[in-house]
Amino acid sequence: MSSKVVIVGGVAGGASTAARLRRLSEEAEIVLLERGEYISYANCGLPYYIGGTIEERDSLFVMTPEKFKAWLNIDVRTLNEAVSIDRENKEIEVLDKTTNQKYRESYDCLVLSPGAEPLRPPLPGINSKGIYSLRTVNDADRIFDHLKEKCPQKAVVVGAGYIGLEMAENLYHRGLEVTVVELAPQVLPPVDADMAALVQQYLRARGVQLHLGSGVKQFHQTEKGGLEVELNNGELLESDLIILSIGVKPETKLAQEAGLAVERGIKVNEQMQTSDPSIYALGDAVEVIHLITGKPAVIPLAGPANKQGRIVANNIAGKFDTYKGTQGTSVLKIFDMTVATTGANERILNDAGLEYQSIIIHPNDHAGYYPGASPLSLKLLFSPEGTILGAQALGYGGVEKRIDVLATALRASSSIYDLQELELAYAPPYSSAKDPVNMAGFVAGNKLQNGYETIEALELLESVSDNMQIIDVREAEEFELGNIPGSINIPLGQLREQLEILDRKKEAVTYCSVGLRSYLASRILILNGFKKVRNLNGGYHIFQALQSENNNSKT
């Protein structure tokens, strides 16, 4: 190939496209335009630089313009912003910010990788000093300088998504008192409410204050130079520093003004071509197909952006390649806890009108007899036929390993029965003979094949039917430490001897701490003629977390 390729945007997707394209062709003329000062930097590492975990600022930069030129012979132009596209003449107008002069650049193929911009709603006071968003190195520099010069004591993070919680942790490590404000009733939108409740409990225990279910009404600058955050419920929060992490929206202005098809993001086909075949788009700016629902979605993640860059380069170079969709695999560190997800959550499945079932288990991350074992919570969502639809996990060890296995199984269209057969690496320091992934497959299979029914903790929290008897099969001392209101305590070891005190005409709901003993109890009841038996999904561990969070929302 001997064509000229102009790439707009030089971070994850754009830089990946340029590098791959040069590896495929020495003849192609490649121009990389970046409106900022830096290219190919690790924006996912910015919160950790602010928090001090990443000590050297230069370590954030994967490549420099000089190295790109020397290694790959790519014409990199930083501080050059694409301002318009002339599709008819195949030219792009560029503003050189160093000279404030505009010029035109021709292209044979154009690649748009403008990314996404932080949401910044027009709230009163939002432009006050001390309010920042975090997206670029320059944003990180401004926050870092504020921390160094102003020595703030209190910070408010608006938004409890991935970046918001990463910033909350890193500001906490810098010695600040941190409060997180979130309009939604829970943290982490990709995670279901029952799993999010466990994260919320952990954050509160670590000293992070949460204000959920109430958004920001306005910001105030105080007479002493500080800030106040006024919530919709009238509450005022004092702060010396505010981080806006409300979310991002695709950068589509350039594409829209050029007449390209744009809906949620820039529309592309499987080859990542826009409605103009000579223009490609990728990364956070584009609309992709959700792998599970088959519906259009915007899923801003670095991994997919880099893969899309490779696909774009392949197609430009004549190597036919397709992007099959995004499943949204992600992982987050919150202090010592890891939270990871893949595929669809309940909200996505409900919105798509897809039927699903779920199980929640709490196995140890490795063999319990080997020192250092800790429980992880794993939620698996699957179709009535057993197809894996999504998974969420959290804990203190081995979390991302299990989600990566499940993400691979999901991508391969595997079923819950395939999970039962997976032969995974086992030694006591790393796993158990039945890995948590295997266990998830066994429990899900029981639910579909063996008449094993569950009840969700949210249902029990909302109301308990008069025709329902709730049986706590934990030991008496566990029961006394906390239980579901109205439940009766019959330890598992005594259940067979006390069956006659139960009403066989009523539905029986069994529960224990995490669901194992109560599953055994449910089997005893079913095999002894009880007609309607359900086990509490996730056990008292999930119920207590949701109950605690409900109480917090009322105070």
Give a yes or no on this: more than 12 heavy atoms of other residues, nucleotides or ligands lie within 6.0 Å of atom CZ of Phe61. yes
Heavy-atom donor-acceptor pair, Asp192 side chain to Asn345 backbone, under 3.5 Å: no
Heavy-atom count check: over 12 atoms from other residues, nucleotides or ligands less than 6.0 Å from Lys333 NZ? yes
Is the closest side-chain donor-acceptor distance between Ser513 and His541 under 3.5 Å? no
For Tyr396 together with Tyr202, are the ring centres under 6.0 Å from each other? yes
On the six-membered ring of Tyr41, is Arg57 placed so that its NZ or CZ lies under 6.0 angstrom from the centre and within 45° of the ring axis? no
Heavy-atom closest pair, residues Gly515 and Ser518: O-OG, 3.2 Å
Residues Glu117 and Lys253 bridged, charged N to O under 4.0 Å: no
Between Asn43 and Arg135, is there a side-chain donor-acceptor contact under 3.5 Å, judged purely by atom types and distance? no
Check this for me, if you would: do Glu453 and Arg534 make a salt bridge, where the nitrogen-to-carboxylate-oxygen distance has to be below 4.0 angstrom? no
Show your working on salt bridge (charged side-chain N to carboxylate O under 4.0 Å, His left out) between Arg142 and Asp139 and close with a plain yes or no. CA-CA 5 Å; Arg142 284 188 282 270; Asp139 294 333; 2.6 Å; yes
I'd like to know if Asp321 pairs up with Arg310 as an ion pair, taking the criterion as any Lys NZ or Arg NE/NH1/NH2 lying under 4.0 Å from an Asp or Glu carboxylate oxygen. no
